[in-house]
Structure formats: C-alpha cells, structure tokens
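Everything below concerns the one structure shown next.
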Amino acid sequence: MSSHLIATPSAETYKSESQPRKGFFTDTSVCIGCKACEVACKEWNHVPPDPQGLTGNSYDNSGELGANRWRHVAFIEQKVSVGIEESPPESFVEEAARQNLVSDGLDPHADEDGFRWLMSSDVCKHCTEAGCLDACPTGALFRTEFDTVVVQEDICNGCGYCVVSCPFGVIDQREGDGRVWKCTMCYDRLKDDMEPACAQACPTDSIQFGDLEELRERAARRVERLHGRGHEEARLYGDSEDDGVGGFGAFFLLLDEPETYRLPPDPVVPTRRTPEVWAAALGAAAALAGGVAASFLRGRR
Amino acid sequence: MGTSFGRGGATTFQQDLANADCIVIMGSNMAEAHPVGFQWVVEARERGAKVIHVDPRFTRTSALADLHVPIRAGSDIAFLGGIVNYILGNGREFREYVQAYTNARTIISDDFRDTEDLDGIFSGLDREGRKYERDSWQYKGMDVGASAGEREYGEAEGEQAHGAHGGELEHGEPPQEDETLQDPRCVFQLLKKHYARYTPEMVERICGVPKETFLEVAEALCENSGRERTSAFCYSVGWTQHSVGVQYIRTAAIVQLLLGNIGRPGGGIMALRGHASIQGSTDIPTLFNILPGYLPMPHAHEQTGLDVYVERNAPPTGFWGNTRPYMVSLLKAWWGPTARYENDFCFDYLPRIDKDHSHYRTVADMEDNKLSGYFVMGENPAVGSANSKLQRLALAKLKWLVVRDFDEIETASFWHDAPEIETGELKTEEIGTEVFLMPAAAHTEKDGSFTNTQRLLQWHHKAVEPEGDCRSELWFMYHLGRRVREKLAGSERERDRPILDLTWDYPTVGPTEEPDAEAVLAEIGGFDAEREPLPDYLPLRDDGSTTCGCWIYAGCYADRVNQTARRKPGREQSWVAPEWAWAWPMNRRILYNRASADPQGKPWSERKRYIWWDAAEGEWTGEDVPDFTPDKAPDYVPEDGAKAQQALRGDEPFIMQGDGRAWLFAPNGIVDGPLPTHYEPHESPFDNPLYGQRANPVREGYRRRDNPFNPAGSEPGSDAYPYVMTTYRLTEHHTAGGMSRTLPFLAELQPEFFCEVSPELARERGLEHGGWATIVSARTAIEARVMVTERMKPLRVDGRVVHQVGLPYHWGNRGISTGDSANDLFPFALDPNVHIQEAKAATCDVRPGRRPRGPELPAFVERVRREAGAGR
C-alpha cells in the first residue's frame with residue numbers, strides 16, 4: 001500500500017499562492033472506449049487533427065500520445081488468461097494461428113479463456129520528478145501552482161531535449177511548428193475552478209480529477225473493492241512515491257501489467273542517473289587522461 | 001410495448017437502471033450507442049448487479065458486461081422464447097403479479113389455433129392478402145362483430161397505434177377467465193404450449209448459444225426477479241430492425257411480465273431510442289399513420305366523421321376511452337375558432353390515408369415515377385436507409401428535392417457523385433431532379449426541445465445566431481406555411497380551407513424572424529377553458545373549450561412555466577429527479593408504477609418500494625407521480641356503465657388497456673401474431689428448425705426487379721450468400737455520417753469503413769487483416785477494409801458452422817472520411833407493423849480484394865446472382 005502523503009514540488013516556489021496538488025485518477029476498469037476525452041481535449045485546447053488512417057490496431061486509430069494527441073485511448077483485445085507476460089500480438093490472424101483456433105473441426109464452444117477488451121485513456125503523467133522539466137534549457141517548461149507540468153509555447157525554442165527525457169514518450173514536437181506540446185491538465189480551466197475537459201466529458205467517470213491526495217485514497221479503496229469482487233489483476237500504476245519519477249500526478253488503475261498497455265513498467269526520470277552519468281564521464285575522462293599520459297610517457301623512452 | 005402495456009415508449013428511465021439486480025442488454029450496443037446513459041449500467045454493476053450482453057459481436061458494451069453471449073443475428077425470439085419456456089417450465093414466474101396484473105387468466109376464443117397446431121402460423125392467415133384476420137384471436141365471449149368492424153387500423157395497425165382494443169368489455173373485465181390458470185384455453189396455458197419446444201437444446205440449435213450459457217442467463221433473470229429483486233432489459237434497433245421486430249419486443253415484454261418486473265424500480269424495459277429527439281419524432285409525429293399523442297390518423301372509409309372515428313378508435317374502458325376530448329382539443333389547437341361543434345371541429349380538414357405511406361413504400365413509388373417532390377430534413381436515406389442504392393436511383397426520378405442539412409450530404413449530391421454515376425446506372429445530364437439544398441441551423445443556434453429515449457422533454461437554449469442563411473426547421477416550416485397561405489389568400493376553393501384556417505400566428509423574434517419556440521411548446525401543452533396552461537390532460541374536454549397540441553404532453557407548460565427547461569441539479573432532489581426537465585405523461589418517470597405495489601396497495605417489498613397506497617390520505621404516494629388515478633383505492637370496483645378510466649378496478653395497473661391488464665397474449669394491436677414466434681430473417685442461411693413456415697408470413701418484402709432477394713434457407717443457390725451480415729454503429733460516428741464524417745476530430749477516430757470478421761472466416765475466404773474485402777448480396781457489392789478480430793466468433797447453428805460479418809453503416813462518399821455504404825447490401829424487407837427495415841440480419845458473400853469499378857460492378861453482382869439462381 002503506497003503512502004498517501006504526496007509530494008508537492010511547487011509549494012516552496014509558490015508559497016502563499018500554492019494550491020493543493022491536483023491530478024487525474026484514470027480508472028480504466030470503467031472505460032468504455034468512447035474517446036470523448038480525446039475529442040473534448042482537442043476542442044478545448046485547439047489541438048490540430050492528426051489523422052493516422054486505419055491502423056488496424058483494434059479501435060485505436062490515434063496511435064499514441066504526441067504533440068497533437070494529449071489523451072489517447074488504447075484498446076487491447078485479449079483472449080489469453082490474465083498475467084501472461086507476452087507482448088500483445090502484432091497480427092490477429094497470426095495470433096489466431098498461434099492459439100490453434102484456426103483448425104479443422106473447430107469447436108467454438110470450448111473457449112473458456114475469457115475474452116477481454118481492455119480500454120484505457122492515456123495521458124501525460126505530470127510526474128513529481130519530471131524528465132521534461134529537468135531537461136528544458138529555456139524554462140519554457142515549468143511547474144504550476146497545482147504541481148502540474150506545463151509548456152509555455154511562446155518560450156519553447158524547439159530544442160527537443162525534453163522529448164528524449166520523458167520516460168513515457170509523451171511530450172513531442174509538432175510537425176511544421178517545431179515547438180513541443182502536451183497535456184496542460186487544462187491549466188486555464190483549473191485557474192477558473194473547473195475540471196479539465198476530458199474529465200468533464202468522460203461519461204462513466206473513468207477520468208476522475210481532484211486533489212491528488214484524495215484521489216490516491218479513493219484509488220486504493222477502489223482496488224480493494226475490485227480485489228474483493230474477484231478481480232485480482234486490478235492494480236494501480238503510478239500511485240507510489242517510491243517509483244522512478246516520485247509518483248505520477250496522473251495515475252491509473254490497470255487490469256493487467258503496464259506492458260500490456262504499452263506503458264513502461266518501471267519508468268525512471270533520467271536525471272536520477274545524473275550522478276552515475278557524471279561518475280561515468282569522469283571515469284572515462286580519467287581513463288582517457290591516463291591513457292594519453294601513459295602513451296606520452298611511453299613515447300619518451 | 002404499446003400493444004403489451006398501453007403506451008409505446010420506454011417504461012423506465014436510464015437512471016433507474018442503477019437499481020436493477022440484473023440487466024440484460026440485447027439488441028443494443030449500449031456503451032457505444034448510448035455512452036452517457038451507459039454510466040447507469042456501470043453504476044448498477046458497482047452496486048452488485050449482473051450485466052449480460054447478448055450480441056453477435058463482442059463490443060465495447062460486452063467489455064464491461066459480466067457475461068457476453070454471442071448469438072446468431074436474427075434468432076433473438078428463439079432465445080427469449082427459451083427464457084419464457086424456462087420460467088414456465090420451472091415455475092419461476094412471479095405468480096401473484098402474473099395473476100393479478102396480466103391477462104394470463106383470460107380465456108381465448110375456441111377458434112384460435114396456435115403455431116403449434118398449424119406448423120408455424122396462426123389461425124386467420126390470408127396468405128394471398130399477406131395479412132391475418134384476427135377474429136379467432138379475440139377473448140372468448142367478445143362480440144366478434146364489434147371488434148372486427150371497420151377500424152382505423154387498416155394499414156396503420158401496430159406498435160405506433162395504441163393496442164388497447166378489447167372491444168366491448170363489461171366493467172373492463174373480459175367475459176371469460178380462469179383464476180386458477182389451468183384452463184387449456186386460458187392465456188397462461190396457451191403461452192406454455194406455444195413455447196413448449198423452445199428448450200435449451202433448441203435455443204442452442206437455433207441461436208448458436210451453448211445450452212449452459214443460455215441457462216446461465218435464464219437463471220440470472222429468474223433469481224433476480226420477484227418481490228425482493230428486479231431485472232431490466234435494454235434494447236434498441238438490434239431488435240426493432242427485423243422483419244419480426246415488434247415481436248422481439250413483445251417476447252421481452254412477456255418475459256418481464258412473467259417475472260413481474262414492469263412498473264418496478266430497477267425493472268422494466270428500457271427501449272433505447274437513438275437520436276436526441278427520436279421519441280419526440282413519434283410523439284409529435286413525423287409518421288404518416290399517427291397524429292400527436294398517438295391518435296390514429298383517420299383512414300379513408302366510406303363512413304367518416306368525428307363520431308365514427310371516435311366510435312372506431314375509442315374503447316369504452318381505459319384512458320384511451322377519452323379519445324374524443326384528446327382529438328377535439330387537438331383540432332382546436334390547429335384550427336382555433338374555425339373549429340366548432342357544428343363542423344365536427346374541422347375533423348374533415350384532416351387528410352385521410354388510404355394505404356401504406358411509410359418510407360419504403362414512398363421510395364418504391366418514387367422509383368416508379370409516382371412522386372413529384374420530396375422534403376428530406378435531417379435524414380440521409382442515400383446512406384442510412386436499406387437498399388440505399390435504390391434510394392439513390394429513386395431520387396433521380398423526382399421532379400424536385402429539398403434537402404435541409406449542415407452539409408451537402410449524399411442525398412443532396414447524388415446527382416453528381418452517387419456511386420451509380422460511376423457505374424453508369426445514372427447519368428447526371430439525364431437526371432431531371434431539381435435539388436434545393438437549404439442550410440440548416442444546429443441545435444446550439446435555436447431554441448427548442450428534445451424528447452429523449454426516456455420520454456424526457458429537455459429544453460435547449462439558443463447560444464448563438466445561425467450564420468448566413470442557416471435556419472431552423474421551425475423557421476423553415478413556419479415561413480413556408482406563411483408564404484403558402486399568402487399565395488392562397490382569398491381563395492374560394494374548399495380544398496384550401498384547411499391551410500387558410502390554420503392557427504398560424506406564432507410570434508417571431510430576432511433578426512431572422514425565428515418563431516418563438518416557447519409559444520409552440522405552450523400550444524402543444526394546451527390550455528383549459530380559462531386559457532390557462534393545462535396542468536395535465538385530465539381537464540381536456542370534447543366541447544371545444546380546451547386546446548392541446550399533444551395530449552400526452554399536457555402539463556409541460558403548467559403554471560406558465562416551461563417545465564422542460566427546469567434544471568434543478570440531481571444532488572438537490574431525490575434520485576428520481578422529477579424537477580429536472582419534464583417527462584410525459586404527467587412527469588411520470590416509471591410507467592405502470594401501480595404495479596410496484598401489490599393488489600392491496602402495499603409495495604411488493606421494502607427494498608423495491610416505489611408507489612404505494614396511503615390509506616390515511618386516501619391517495620397514492622411514493623417516489624414518482626403515480627401512474628394511476630390518484631385517489632382510486634386499491635379495492636375500488638367500478639359501477640355498472642362506468643366509462644374510460646373509471647371502468648378500471650383499483651388493482652389494474654395498465655390503465656391504457658381496455659382490460660387494465662398487461663397483455664401476455666395480444667388479440668389486437670399487432671398484425672403478425674398474438675404470441676411472438678421464432679421466424680428466420682427474410683434472408684438467412686437456415687430453414688426454420690421449429691416450423692415449416694420459415695419466415696414471417698406477413699412480412700413486407702418488396703418483390704421488385706430493383707430489390708432482388710438472396711435465396712434463403714434450403715432454397716437453391718442460398719449457399720452463394722452463406723454468411724450472416726449485420727449492421728451496427730460505432731461511438732465515433734453518428735448515423736449516416738453527415739455530422740461526424742465531416743468533422744476532423746471524429747473522422748480521424750474511425751477514418752475508414754471496415755468489416756469485422758473472425759479469424760476463421762478470414763482464413764476461409766483468404767482475407768487479410770488491414771486488407772480489402774468485397775461484400776456482395778443480390779442488391780450490389782461494396783468494399784471495406786478488413787478487421788480480423790476474435791470479437792467475432794463463428795457459431796454452430798442447426799448442425800453446422802455459420803460465420804457472421806459485421807458492417808458499421810456510417811459511410812458514404814462525402815466528407816473527410818468516405819467509404820461505401822453498408823446499407824447498399826440490404827433489401828426492402830420490413831416488419832409489417834411499423835414498416836421498419838430488416839437491417840440487422842441478412843446474408844452475403846465475402847471475397848478478398850477491392851470491388852470492381854464502373855459497369856463492371858453491376859456486371860459482377862449480376863454474375864453472382866445468376867450463379868446463385870437469385871434475382872426473383
């Protein structure tokens with residue numbers, strides 16, 4: 001059970017203007033894959049269309065989060081029992097063959113495997129330790145008084161350092177524009193005491209918005225409830241302060257391993273490796289210096 | 001549902017689903033088509049309800065259900081009939097409810113013969129005339145002459161009309177009954193006999209549903225019904241769009257009545273109607289055969305006039321006994337001071353219908369050069385109607401066509417870009433149709449109301465002025481009428497009086513002279529003799545002193561307040577939320593709620609209390625407006641000669657019916673049988689395993705060269721079209737696509753037309769995931785991208801494997817996202833009660849690769865047809 005004392009990285013900066021930390025709890029167990037969140041977000045934030053064409057990946061024609069997609073609904077069709085660590089199949093005909101479905105004398109009554117269709121609305125995690133924020137050289141990325149992470153598009157110079165620093169591959173450069181764009185947790189709406197557009201649009205309350213502390217408590221109770229009803233595979237993702245990014249500002253209830261949803265199981269903010277990196281760099285420099293010195297010394301003889 | 005219960009409309013509201021202990025979603029893909037309403041199913045699940053989804057496909061609804069039951073499209077009556085058989089065979093019916101509140105004990109005519117006696121048909125079939133004479137279906141002892149007399153139900157019978165006719169019922173009681181339910185001629189025993197062969201084995205054989213799964217569903221319903229628990233059904237066009245569509249709903253009604261779920265919280269039948277105001281479009285009807293409030297449209301008979309109309313249509317008992325005041329008040333609303341007692345209140349101004357004028361009949365006539373003009377408003381039949389190819393061809397025969405829409409939809413653009421232009425079947429220069437494309441205002445640009453699926457009228461306010469020439473329907477019809485009247489002014493012809501005498505004096509507002517929508521609402525809500533808005537329909541009179549544009553809406557403007565605009569938040573009122581908007585009738589949210597209490601007026605259980613009798617106050621009270629005369633005691637017995645609702649007892653909850661009871665057996669109000677029977681769809685790979693009669697003997701199949709049928713069952717050539725095909729909706733798109741394929745944010749979510757097939761079918765036909773497939777029927781061939789998915793399952797039916805092909809029907813050739821139209825494949829084959837197309841089950845073949853283009857396309861279709869021996 002994770003601790004419910006949440007980090008509030010902005011408190012020191014904002015002092016009296018500080019707000020309780022806000023976040024998303026996305027409970028994918030009640031997601032119906034309607035994509036109202038995708039559309040509401042684009043409408044509110046004037047995010048341009050980015051048609052991908054028919055991807056063939058179930059009902060997901062959005063692909064992934066990016067500069068022009070700040071909410072993305074994933075669809076995973078599963079015919080296997082829960083807990084198997086294989087990657088999702090690339091081709092369904094292939095998968096069918098693999099599972100011996102396509103055989104003569106087929107017996108469609110025999111499958112007791114339980115078919116599942118997992119649906120999940122992905123979003124920027126607004127990490128406590130945010131890789132994008134750490135990497136930004138211009139200060140375009142900043143942490144708001146709500147502890148969310150926002151890009152100021154009038155400052156961003158399009159260097160792209162943040163893009164490689166995000167463990168989730170969320171923040172992205174917009175083609176033809178050059179700057180990076182991502183979910184702002186509807187910062188403008190928060191300032192007016194409204195909830196983000198996606199949370200308001202979600203018809204089943206899969207996307208819940210509020211004080212992060214309260215959301216974490218609610219989520220813990222929700223997982224317990226699901227376990228009590230026999231859904232042992234339900235788990236939280238991003239609720240723990242002990243993870244590699246200090247806990248997510250937008251965390252999830254998943255019904256399978258994160259990999260199933262194409263989410264990294266153990267995201268780590270790159271700046272945690274900074275001491276290692278410096279140590280390695282210094283070590284390499286020392287080795288290089290040593291090698292150069294040795295060759296000169298040798299050379300003198 | 002009108003036939004079974006008295007009113008054609010959902011018996012409950014979506015929020016009430018949260019109270020259900022078990023929900024069966026069947027003939028509906030609720031999460032995808034009603035995503036907002038579906039939250040209440042999710043809520044029910046959170047409260048411990050079992051949610052079951054029965055559907056040919058595993059959909060986003062199935063993903064959140066506890067159990068998904070794959071079923072062969074077109075076999076639902078066998079499934080539901082199997083549940084009836086299970087209930088009766090195991091004595092699981094809610095006995096006291098069935099005995100007291102249904103017509104289970106009524107004895108039926110000695111002349112009645114069931115499908116068990118006649119191998120799949122009922123007595124009274126006139127095969128040539130394709131109709132049934134219903135004399136032998138009547139209650140025993142009824143004056144058959146009276147009930148067989150000329151009715152307003154020639155072509156207009158069925159679901160849309162109320163089904164309240166029992167003819168002459170003394171005290172509302174049927175002449176012969178057996179309270180013990182033992183008499184072999186009583187409804188209860190006839191029901192048992194009718195479904196005796198709908199065993200779990202038979203269900204497996206017909207539906208492709210394993211016995212164990214079927215029994216799981218049957219048992220779930222039984223154990224979640226009765227005094228302490230209730231179950232609900234949700235259905236939509238997966239049930240209605242069949243050649244036996246109305247019978248599907250009837251079977252569910254029988255199940256719910258046997259289980260005692262109607263009129264109770266968490267029970268009922270949630271008919272999920274789709275469009276925001278689709279319920280409203282039958283309440284204030286855009287249908288040819290009914291008038292506002294479901295009054296029947298007068299027919300052209302030899303004898304006519306208001307008295308004859310009332311005599312024919314008003315039963316002596318039940319609330320429909322007040323047909324006269326409802327009708328007179330409507331006539332006064334329309335013709336105002338001109339309508340007087342002396343001229344029958346202008347009853348003769350009403351048009352008379354003389355035959356079927358439904359959509360498909362009209363389009364067939366259009367193709368046969370019998371129509372000059374066509375108004376198409378907020379509809380896109382070139383994509384959305386069955387045999388959409390024939391729809392497009394027919395448009396070319398018109399002299400003029402008016403299309404009102406936001407965009408140049410396929411129905412408006414057919415003359416230059418219909419697929420038939422490419423094939424050469426239509427040539428632009430030869431099309432004489434003059435097309436007027438009128439821009440329409442969106443709902444945000446006008447005031448007005450929606451009446452949604454739960455009979456709820458909700459007002460919407462104009463947010464912005466429409467741009468340019470865009471105008472609302474209200475503006476269009478009002479000003480069109482105004483101009484027509486100006487042109488006819490001073491005319492002395494009698495035929496112009498109905499138009500000239502109309503009350504057409506709505507105030508207009510704003511720069512566009514928009515008619516004041518609230519004034520129209522007020523007229524619909526009606527006024528009493530003192531010109532005060534009606535509180536409800538009880539004060540309606542037949543002396544011309546009251547006016548009311550739609551009697552079931554009376555009360556929507558009570559106290560001069562637009563009740564439909566009320567927005568009291570849910571958290572500030574009870575869970576029923578009666579102060580949010582306004583529901584018809586009388587703001588009742590659950591209909592027939594008298595049935596939530598036992599015959600003595602006490603709730604069947606505390607857990608499921610809703611309405612009960614308060615003896616101290618002498619009135620019914622509870623969570624909702626009682627669907628009953630408020631001060632009629634449970635032990636009330638009518639006096640001799642009592643009329644209308646006074647003729648019903650205090651323990652008869654179904655107040656619209658002549659006998660106050662819900663109908664398990666329907667002697668009237670339905671044209672294709674008093675008891676639902678499994679019939680194969682018009683096109684199906686199977687003969688009927690139950691009977692010699694394969695399909696609905698009185699279904700409407702339009703035998704025309706331009707509407708050829710695939711051979712069915714064991715007819716030679718049927719294996720040329722071996723697969724079952726069905727249409728469905730995606731959340732991302734809206735109906736025929738005019739409002740979604742034209743918007744980038746929606747078009748990109750589902751950018752292409754695709755078909756869904758199982759891996760087994762893909763292998764059988766060499767289809768590649770992500771590739772192309774050509775789907776062909778006797779009508780035409782279309783192409784779609786291929787989505788191979790295990791959400792489609794092959795089924796074992798009648799001893800062999802059958803595959804189903806899923807087709808989302810949203811696509812046409814206009815907009816950002818374009819594609820072929822699935823409806824091109826389907827025939828005109830209709831339910832005979834309501835003339836709705838069978839778009840949920842037909843047959844097809846699937847070939848890999850893209851379809852032929854140009855004249856090669858019809859040539860290819862013809863080749864397949866000839867190989868099959870089709871084209872009858």
Side-chain angles (χ1 to χ4, degrees), chain A residues 29-36 38-43 47-62 68-69 73 75 77-79 90-97 99 101-103 106-111 114-119 201-206 222 225 229, chain B residues 30-32 34-39 41-43 45-46 48 58-64 68 70 204 208 210-213 730-732 743-754 758-760 762-764 767-771 785-791 793-796 801 816-817:
Chain A
S29 72
V30 293
C31 176
I32 55 174
C34 71
K35 307 177 193 173
E38 292 197 29
V39 177
C41 170
K42 286 211 171 193
E43 291 275 2
V47 179
D50 66 331
Q52 308 286 313
L54 190 74
T55 64
N57 179 13
S58 193
Y59 279 7
D60 177 2
N61 295 306
S62 305
N68 295 337
R69 180 78 51 190
V73 182
F75 290 82
E77 298 183 25
Q78 275 187 338
K79 201 182 181 288
E90 289 304 309
S91 144
F92 289 110
V93 179
E94 198 187 348
E95 171 67 357
Q99 296 199 3
L101 285 174
V102 185
S103 57
L106 71 104
D107 189 353
H109 299 173
D111 96 42
F115 192 87
R116 285 203 312 176
W117 202 2
L118 302 176
M119 294 175 262
C202 179
T204 56
D205 249 3
S206 172
R222 174 77 180 143
R225 210 130 153 244
R229 294 203 327 232
Chain B
M30 193 177 177
E32 296 198 43
H34 290 79
V36 178
F38 190 73
Q39 67 182 285
V41 175
V42 174
E43 178 65 26
R45 237 182 109 208
E46 292 309 309
F58 188 105
T59 71
R60 286 176 267 199
T61 305
S62 327
L64 264 76
H68 171 242
E204 178 163 336
K211 265 205 324 267
E212 302 69 36
T213 312
L730 300 164
T731 314
E732 296 86 339
L743 300 179
F745 291 158
L746 295 177
E748 68 183 7
L749 295 177
Q750 290 287 9
E752 286 195 54
F753 174 44
F754 59 91
S758 66
E760 294 82 353
R763 195 204 205 203
E764 188 170 298
L767 306 174
E768 268 180 40
H769 180 68
R785 299 290 296 277
V786 175
M787 181 89 77
V788 178
T789 169
E790 287 162 48
R791 291 180 294 100
K793 252 173 97 114
L795 299 175
R796 190 176 290 283
V801 172
I816 298 170
S817 171

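Note that the structure is predicted; figures quoted are calculated from it, not measured. In what follows, every chain begins at residue 1, and chains take the letters A, B, ... in the order their sequences are listed.
In this structure a side-chain-to-backbone donor-acceptor pair under 3.5 Å is present from A/R225 to B/E46.
Using bins of under 30°, 30° to 60° and over 60° for the plane-to-plane angle, the ring pair B/F58/A/F115 lands in the perpendicular bin.
In terms of non-hydrogen atom pairs under 4.5 Å with chain A, the most contact-rich of B/Q39, B/R60, B/H68 is B/R60. Interface remark: of the candidates B/E764, B/E732, B/E32, B/E732 forms the most heavy-atom pairs closer than 4.5 Å to chain A. Comparing A/A36, A/S29, A/G53 by how many heavy-atom pairs each has under 4.5 Å with chain B, the most go to A/G53. Note on B/L743, B/T731, B/L746: by heavy-atom pairs under 4.5 Å with chain A, the leading option is B/T731.
Here the side chains of B/L749 and A/S62 are in contact, with some heavy-atom distance below 4.5 Å.
Between A/I32 and B/P35, the shortest heavy-atom distance links the atoms CD1-CB, 3.7 Å. A pairwise comparison of heavy atoms in A/C31 and B/L64 identifies O-CD1, 3.2 Å as the closest pair. Here the closest non-hydrogen pair linking B/A63 and A/M119 is CB-CE, 3.2 Å.
Applying the salt bridge (charged side-chain N to carboxylate O under 4.0 Å, His left out) test to A/D50 and every residue at least two apart in sequence or in another chain returns A/K42, A/R69. Residues satisfying the side chain to side chain contact (heavy atoms under 4.5 Å, CB included) criterion with A/P49, sequence neighbours excluded, are A/P51, B/P744, B/F745, B/E748.
For a residue to count as touching a neighbouring chain, one of its non-hydrogen atoms must lie under 4.5 Å from one of that chain's; by this rule B/Q750 touches chain A with backbone and side chain alike. Neither the backbone nor the side chain of A/C202 comes within contact range of chain B; no heavy atom of the residue lies under 4.5 Å from a heavy atom of that chain. Contacts of A/V47 with chain B are made by backbone atoms alone, with heavy-atom separations under 4.5 Å and no side-chain atom involved. Residue contact with chain B, scored on non-hydrogen atoms closer than 4.5 Å, involves the side chain of A/E38 exclusively. Proximity to chain A involves both the backbone and the side chain of B/V36, based on heavy atoms less than 4.5 angstrom apart. Using a 4.5 Å cut-off between heavy atoms, A/T55 makes no contact with chain B at all.
A cation-pi arrangement is found for B/R791 relative to A/Y59, the charged atom lying closer than 6.0 Å to the ring centre and inside a 45° cone about the ring normal.
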